[in-house]
Protein chains: 2
Amino acid sequence: MNDNKGKKTCQAWARLMRVSTKLLQDIELDLKAANLPSLDWYDVLLEVRNAQPNWLRPVDIQQKMLIQQYNISRLIERLVKEGLVTRKSCDCDKRGQYIVLEPAGHDLLNKMWPIYKAAIDRHFGDKLNVGEVSSLTQILSKL
Amino acid sequence: MNDNKGKKTCQAWARLMRVSTKLLQDIELDLKAANLPSLDWYDVLLEVRNAQPNWLRPVDIQQKMLIQQYNISRLIERLVKEGLVTRKSCDCDKRGQYIVLEPAGHDLLNKMWPIYKAAIDRHFGDKLNVGEVSSLTQILSKL
DNA sequence: AATATATAGATGCATCTGCATGTAATGTCA
DNA sequence: TGACATTACATGCAGATGCATCTATATATT
């Protein structure tokens with residue numbers, strides 16, 4: 001039988017995995033080379049900042065980031081330990097808590113962004129033209 | 001200033017990360033639901049089989065899979081423990097070793113593939129038409 | 001050949017993740 | 001209201017990963 005689409009699909013899948021893994025590795029390496037923490041710290045802090053003036057709860061962040069409950073729990077634990085965020089008790093639901101961005105967290109975001117941005121450009125953006133970028137976005141949006 | 005490409009690039013980057021992470025999670029979940037091991041086991045076994053009739057060395061697999069040396073070392077350790085591959089001493093370089101696919105490894109590949117294939121289709125292939133698949137492949141090939 | 005350098009692979013230790021489960025608070029429904 | 005199910009978050013334990021380093025062999029340099 002001639003399962004042409006099947007073959008092409010698997011090839012595309014393999015390439016997608018390979019490329020995204022490699023890109024992530026390379027970009028994380030750039031951050032590490034600048035003595036900056038990894039992207040998941042950035043993502044949490046950014047979500048918290050973007051939600052301002054509202055506060056997010058761990059469960060909100062977890063859903064936005066598509067990670068496991070226990071992972072966000074411990075990730076926040078580390079951020080708290082570094083003074084980047086604090087926990088604030090949540091009156092409307094005593095099981096819960098709000099995550100508050102501290103100045104140190106805000107500063108870290110600002111410090112990471114230029115490096116992160118440059119890495120995205122270097123490893124990703126610079127290799128595609130505008131048409132390819134929007135075409136990629138459009139295709140990915142179907143997934 | 002009007003950095004339109006910059007914005008689009010970051011958006012595409014974010015979507016690429018989000019989509020690839022989600023796809024990987026979903027497909028790994030399908031494997032786990034079928035009581036099968038994770039994709040990195042599959043990848044190692046597949047590389048070893050594809051290289052036949054030649055044998056691969058850990059360092060070869062490591063390069064093909066873009067993972068760290070200590071990770072491939074331990075991954076192979078687990079595969080050996082499960083009887084999926086064996087190590088064979090390497091005459092031409094006494095530091096090295098060959099990785100030999102055992103029947104159990106071959107069987108596991110055959111058992112995983114239908115599930116893996118179905119998961120790729122369900123979460124990825126079925127959501128794109130042929131044109132999108134080749135366009136995606138083409139764009140990713142530039143990265 | 002003798003020495004220095006590089007490469008293949010393993011491993012101790014700390015950190016991180018997955019899984020199962022625990023605790024406490026909330027929501028549901030008779 | 002009381003009993004039961006659900007949700008938010010934390011955590012003990014086992015397994016996986018990152019980092020640095022070790023051993024052994026191979027290669028390059030003189």
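Given the structure is predicted, the values throughout are model-derived calculations rather than measurements. Reminder, nothing fancy here: chain letters follow the sequence lines and each chain counts from 1.
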(message) Side-chain heavy atoms nearer than 4.5 Å, only ILVMFWY residues, links allowed to pass through others: does that put B:I76 and B:W55 together?
(response) no
(request) Just say parallel, tilted or perpendicular for the rings of A:Y116 and A:Y42, cut-offs at 30° and 60°. (result) perpendicular
(message) Between B:S141 and B:Q138 (side chain of the first, backbone of the second, donor and acceptor by atom type, cut-off under 3.5 Å), is there such a pair?
(response) yes
(message) Just the rounded figure in Å: distance from P of D:dA10 to CG of A:L79.
(response) 12 Å
(message) If I take atom CD1 in residue A:I61 and atom C1' in nucleotide D:dC9, what distance separates them, rounded to the nearest angstrom?
(response) 12 Å
(request) Let me know, please, whether B:R74 or B:Q63 comes out on the 5' side of the other along DNA chain C by nearest nucleotide. (result) B:Q63
(message) Could you tell me how far apart A:N71 (CG) and D:dT11 (P) are, to the nearest whole angstrom?
(response) 15 Å
(message) Test of understanding: clusters of I, L, V, M, F, W, Y form through side-chain heavy atoms closer than 4.5 Å, transitively. Do A:L84 and A:W113 belong to the same one?
(response) yes
(request) Could you check how far CD1 of A:I99 sits from C1' of D:dA10, rounded to whole Å? (result) 13 Å
(message) Below 4.0 angstrom, which residues in residues 87-98 of chain A have at least one non-hydrogen atom near DNA chain D?
(response) A:R87, A:R95, A:G96, A:Q97
(request) Round to a whole Å and report the spacing from CG of B:L39 to C1' of D:dA16. (result) 16 Å
(request) Answer with yes or no whether the side chains of B:E102 and B:T86 bring together a donor and an acceptor at under 3.5 Å. (result) yes
(request) Mark yes or no for a side-chain to base donor-acceptor pair under 3.5 Å between A:Q69 and D:dA10, with no hydrogen or angle criteria applied. (result) yes
(request) Please step through side chain to side chain contact (heavy atoms under 4.5 Å, CB included) for the pair B:K32 and B:D30, ending with a clear verdict. (result) CA-CA 5 Å; B:K32 189 166 298 182; B:D30 283 6; over 6 Å; no
(request) For B:R57, answer base if it contacts any base atom (sugar-phosphate contacts may also be present), sugar-phosphate if it contacts only those atoms, and nothing otherwise; contact means non-hydrogen atoms under 4.0 Å. (result) sugar-phosphate
(request) Tell me whether A:L109 is reachable from A:L75 by hopping between hydrophobic residues (I, L, V, M, F, W, Y) whose side-chain heavy atoms are closer than 4.5 Å. (result) yes
(request) Would you kindly confirm whether B:V100 and B:V48 end up in one hydrophobic cluster when ILVMFWY residues are joined by side chain heavy atoms under 4.5 Å apart? (result) no
(message) Can you give me the first and the last nucleotide of DNA chain C (5' to 3') that has an atom within less than 4.0 angstrom of a non-hydrogen atom in chain A?
(response) C:dC16 to C:dT26
(request) Please report, rounded to the nearest Å, how far the C1' atom of D:dC9 is from the CG atom of A:D60. (result) 13 Å
(request) Answer yes when B:D3 and B:K7 have at least one side-chain N-carboxylate O distance shorter than 4.0 Å, and no when they do not. (result) no
